[in-house]
Amino acid sequence: MECVFGLVGNGFAIVAADTSAVHSILVHKSNEDKIIILDSHKLIAASGEPGDRVQFTEYIQKNVALYQFRNGIPLTTVAAANFTRGELATALRKNPSFVNILLAGYDKETGPSLYYIDYIATLHKVEKGAFGYGSYFSLSMMDRHFHSGMSVEEAIDLVDKCILEIRSRLVVAPPNFVIKIVDKDGAREYAWRESVKEAVAA
Amino acid sequence: MARYDRAITVFSPDGHLFQVEYALEAVRKGNAAVGVRGTDVVVLGVEKKSTAKLQDSRTVRKIVSLDDHIALVCAGLKADARVLVNRARIECQSHRLTVEDPVTVEYITRYIAGLQQKYTQSGGVRPFGLSTLIVGFDPYTGIPSLYQTDPSGAFSAWKANATGRNSNSMREFLEKNYKETSGQETVKLAIRALLEVVESGGKNIEIAVMTKEHGLRQLEEAEIDAIVAEIEAEKAAAETAKKAPPKET
């Protein structure tokens, strides 16, 4: 039921992920942030086994930081994507991580990019991608409305269209989403789309 | 083969570990390095031996970052330094991964010192031939610290210290002239200590300043030259003040 999707626009890449943490029929929380900031100009939106998701993405984040200290310059997005895929591939036939990843990044030389990395270590550079049951709806919406070089407003509009489709057509649709963006000014949270607020003690 | 795996560092009859003491000799031959702790900054300085004409000086960085809030300078065998710095960098990230907290300066100093000690008590290895000066800010309290480690694996905290070539003269100077300073004054104190033993000029000194907000910043040659000029002017003014006795009664 986890929904993660993203797309590349004009000088930026945007990813959206649902924010529910679910265990069988219980929703633990509906404000779980599944988009981790890898470094100043990279984001990883991850979905899959909750323990694996946090374990694997934090491991990648710390190794990316280590690279930067060792070498004095940050990894490029393509290098980070290949490193991530490599770690998934190495673990695959011993202790696999059940995590699907959309890696969005911005490099000064090559601009924004989005990488689709699934749990069996498939790696594709894509303009738009999605994981989970929500992908049936978000990919279709993006196929219809996406064009190269969209502005931030157009992209957010498309993201909202996808969220609307997921909410109306998916049987156990997640109520809340978080949207994060990465561009030349860095990786940051853009907005939340909440239809159910976490209950706050009176 | 059995004869070659006994410890290389063994006690002498009068209780010395000669290998460790020889390692300290190696440190004494290394470049001069100084560290000064201020109230809101910590400053590291090191002498830069004149770079060979064909050498790319950007690849010879003596002051290194271990993490966003920790930096290190060392005196002694540079190759040993590379190994130690690499292990420390890994430990900084590993600590962040397991406990979700950045390391404290004391933790990483204890780790490096522990590593150096291990190599004085293992079979078939020699001690690391370097002493380090480690500076940083506590990630939560924001308090600056300066620590020193040596080949024996001992470590302690300092307000200001020096290691490497002529460290005794620099330490004496610091003992005479140390006072609580902040910002630019701390930088000046570090440079003045270094100038006691190093030829003056921006191309012979490397200085880095660490602040809580901006992390580690290496000073440009021009900046260092400007501060050195200030220091020399102050020295000259002090000299003339001494030489000209007050004429009024």
Side-chain angles (χ1 to χ4, degrees), chain A residues 21 28-29 31-44 46 48-76 79-84 86-88 90-91 95 97 99 101 103 105 108 185-189, chain B residues 44 56-74 78-103 105 107-109 111-112 115 132 134-137 139 206 208 210 213-220:
Chain A
H28 278 300
K29 59 193 291 212
N31 58 357
E32 167 86 357
D33 190 349
K34 298 179 191 167
I35 306 182
I36 188 168
I37 291 184
L38 203 58
D39 74 11
S40 63
H41 287 75
K42 290 182 198 48
L43 291 170
I44 281 194
E49 196 70 49
D52 286 350
R53 173 170 52 80
V54 176
Q55 168 88 327
F56 184 76
T57 53
E58 284 188 351
Y59 172 77
I60 297 295
Q61 186 192 51
K62 301 303 184 263
N63 272 283
V64 167
L66 184 61
Y67 179 95
Q68 181 158 355
F69 281 108
R70 275 194 177 140
N71 298 284
I73 52 166
L75 273 168
T76 57
N82 276 281
F83 171 68
T84 306
E87 291 297 309
L88 279 168
T90 309
N95 48 342
S97 269
V99 207
I101 283 171
L103 198 157
K108 245 192 330 187
D185 300 322
R188 58 194 180 280
E189 194 175 281
Chain B
L44 284 174
D56 188 345
S57 56
R58 289 171 308 160
T59 60
V60 189
R61 276 257 155 269
K62 302 235 174 100
I63 303 176
V64 293
S65 281
L66 297 182
D67 202 341
D68 296 321
H69 61 301
I70 313 253
L72 172 155
V73 72
C74 54
K78 287 289 169 282
D80 287 4
R82 221 174 42 232
V83 170
L84 221 48
V85 165
N86 192 37
R87 300 283 294 271
R89 282 172 170 159
I90 293 173
E91 180 61 22
C92 284
Q93 295 305 316
S94 181
H95 187 273
R96 277 177 185 261
L97 187 59
T98 43
V99 306
E100 281 209 7
D101 259 349
V103 296
V105 192
Y107 177 93
I108 199 66
T109 306
Y111 177 82
I112 292 175
L115 215 48
T132 68
I134 300 166
V135 296
F137 285 82
E206 204 177 293
M210 176 167 278
E213 300 77 29
H214 302 119
L216 190 71
R217 188 174 77 89
Q218 307 263 9
L219 262 48
E220 307 266 327

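Chain A is the first sequence line, chain B the second, and so forth, proteins listed ahead of strands; every chain is numbered from 1. On a predicted model such as this, the values are computed, not experimentally measured, just so you know.
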Using heavy-atom distances under 4.5 Å, tell me whether Ile90(B) contacts chain A through its side chain, its backbone, both, or neither.
both
Contact summary for Arg70(A) and Asn86(B), nearest pair of heavy atoms:
NE-OD1, 2.5 Å
Other residues, nucleotides and ligands only: do more than 12 of their heavy atoms fall within 6.0 Å of CZ on Arg61(B)?
yes
Give a yes or no on this: more than 12 heavy atoms of other residues, nucleotides or ligands lie within 6.0 Å of atom NE2 of His214(B).
no
Is the number of heavy atoms from other residues, nucleotides or ligands under 6.0 Å of Arg188(A) CZ greater than 12?
yes
Neighbour count above 12 (heavy atom, 6.0 Å) for Glu100(B) CD:
no
Taking all non-hydrogen atoms of both residues, which atom of Phe69(A) and which atom of Gln93(B) are closest, and how far apart?
CE1-NE2, 3.7 Å
Test side-chain contact (heavy atoms from CB on, under 4.5 Å), reference Leu97(B), set Gln55(A), Gln61(A), Lys62(A), output is Lys62(A)
